[in-house]
Amino acid sequence: MITLSNVHKAFGANRVLQGVNLSVASGTSMVIIGGSGTGKSVLLKSVLGLVRPDSGQITLDGQDVTKADRDAFLARFGMLFQGGALFDSLRVWENVAFRLMRGAKALPKRDAREIAIEKLRRVGLKPEVADQFPAELSGGMQKRVGLARAIAAEPEIIFFDEPTTGLDPIMAGVINDLIREIVVEMGATAMTITHDMSSVRAIADNVAMLHGGVIRWTGPVGEMDATPDPYVQQFIHGRADGPIESVR
Amino acid sequence: MTAALGALGRPVLEALAAIGRVALFAGAILSHILRPPFYLRELGASLLQIGWFSLPVVGLTAIFTGGALALQIYAGGSRFNAEAVVPSIVAIGMARELGPVLGGLMVAARVASSIAAEIGTMKVTEQIDALVTLSTNPLKYLAVPRVLAATLAMPVLVAVGDAIGIMGGWLVGITRLDFNSAAYLKNTVDFLEPWDIGSGLVKGAVFGFIVALMGCYHGMHSARGAQGVGRATKSAVVSASVLILAANYVLTELFFTS
């Protein structure tokens, strides 16, 4: 279980997180929604240790993440970045197999390549793609490669940062379905941040809404439409009028 | 009065803080050089990029510099009948100063900029964050191989630049200044001492370290967006060039005035 208790983070005068409390149970899929610039990415990166919170505590299975052995801790995670974050200088299969070929349990190149091709196949890409460079692929294919890299080492926990941003609705649907299938199949804990409501409905078991630096509402995805919370209602229906200020 | 002192003190404090940050960054890199894991493939790729692909620019710089140096020394020396010193001064000048300094500046322009742009782009596209999530230390994976490669490759580039520069002087000497080829070469060899060459190679290693260090530092600290990467690239070249000239003075004092 991932637990965030009273997490604060500011960048200069900009107080992004102002006391976030959130729990994500093992084996469930939590989707965090919220407008642009509300600190969703900061929240995700705080759990991974890419951003250090100013105060508060983040624990994984009861252990403070800042005190955990870094390599062992990160080995439990996979992450799909918003832009893919594929390494330009490496071929697609080398990107996917990056973790498999490094560290104490490094696999021989041939075995790592085989696993990479199998993972590429799992996300709907042909083996021929393996020897291409990321720049030769479309945005949707890059997202799939990023997804293959995130699941290559079969992590217990997978983070998805805006998985459908920049994709057409059909490709977004394909990625959403893939994420759902893979998370269920692997029994992994998933944390996704998005403002795409079709992603929320496809991926989430539970939803949390981040606004004003705190979690405004959290609950099962099935209860999201019925909640009277005006912030959630404005957000999920995309209304300009409501408590969330919009710039016109 | 207080405002004036503040205006004076702020940039000084900022400069000192920047020096401290660079020193810590350099210390972290040095501490990682001898500790596993070693990324030999990345080291090989960096040696190729920094060493091999810099040969043309260093060679061209050296041959024209050697030729121009021969013409200048001949013109200056003829004022007091000292034209005969052309071969020895060209050789000493190239080996001690112009080979390492001009080679260092050309490599700074070519390599520091490309390292800063590459790492800066990796930072703004979250590739550096991705490295961390894949249990890979970005400093060790990106900076250490580049700094090590530049420190090892630069003395070789300086040696090649010295040879080509001296050859440039010889070429101008025998074609434009009526020197006898054999006499020119004998003069060069007779007056050149091992430390003339050795000091230049040591300078080359230091300049190589500076070039890659500045490229990596500014790339890793690049701000967001294309403008941030552009600024990091410019800062890498400017700081590497200034530090090379400053280090050259310090090393020359150290090697030749005691």
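The model shown is predicted, which means the values in this text are computed figures rather than measured ones. Below, chain A is the first sequence line, B the second, and so on; all start at residue 1.
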Exercise. Apply the test side-chain contact (heavy atoms from CB on, under 4.5 Å) to residues A:Asp131 and A:Val92: give CA-CA distance (whole Å), side-chain angles for both, the deciding distance (0.1 Å), then the verdict.
Key: CA-CA 6 Å; A:Asp131 289 315; A:Val92 164; over 6 Å; no

Quiz item: In terms of heavy-atom proximity below 4.5 Å to chain A, should B:Ile128 be classed as side chain, backbone, both, or neither?
Solution: neither

Quiz item: Does the pair A:Arg122/A:Glu181 count as a salt bridge with the N-to-O cut at 4.0 Å?
Solution: yes

Quiz item: Contact part of A:Phe98 toward chain B, heavy-atom cut-off under 4.5 Å: side chain, backbone, both or neither?
Solution: side chain

Quiz item: Are any of the side-chain nitrogens in A:Arg113 or A:Glu94 under 4.0 Å away from the carboxylate oxygens of its partner?
Solution: no

Exercise. With a 4.5 angstrom heavy-atom cut-off, could you sort out which part of A:Leu100 is near chain B: side chain, backbone, both or neither?
Key: neither

Exercise. Nearest 0.5 Å please: distance from the SG atom of B:Cys216 over to the CD1 atom of B:Ile119.
Key: 4.0 Å

Self-check item: Interchain contact, B:Thr136 with chain A, by part (heavy-atom threshold 4.5 Å)
Solution: side chain

Exercise. Please round to the nearest 0.5 Å and tell me the distance separating atom CG of B:Asp162 and atom CE of B:Met94.
Key: 6.0 Å

Quiz item: Side chain, backbone, both or neither: which part of B:Thr133 has an atom under 4.5 Å from a heavy atom of chain A?
Solution: both

Exercise. Tell me, for A:Asp161 versus chain B, whether the close heavy atoms (under 4.5 Å) come from the side chain, the backbone, both or neither.
Key: side chain

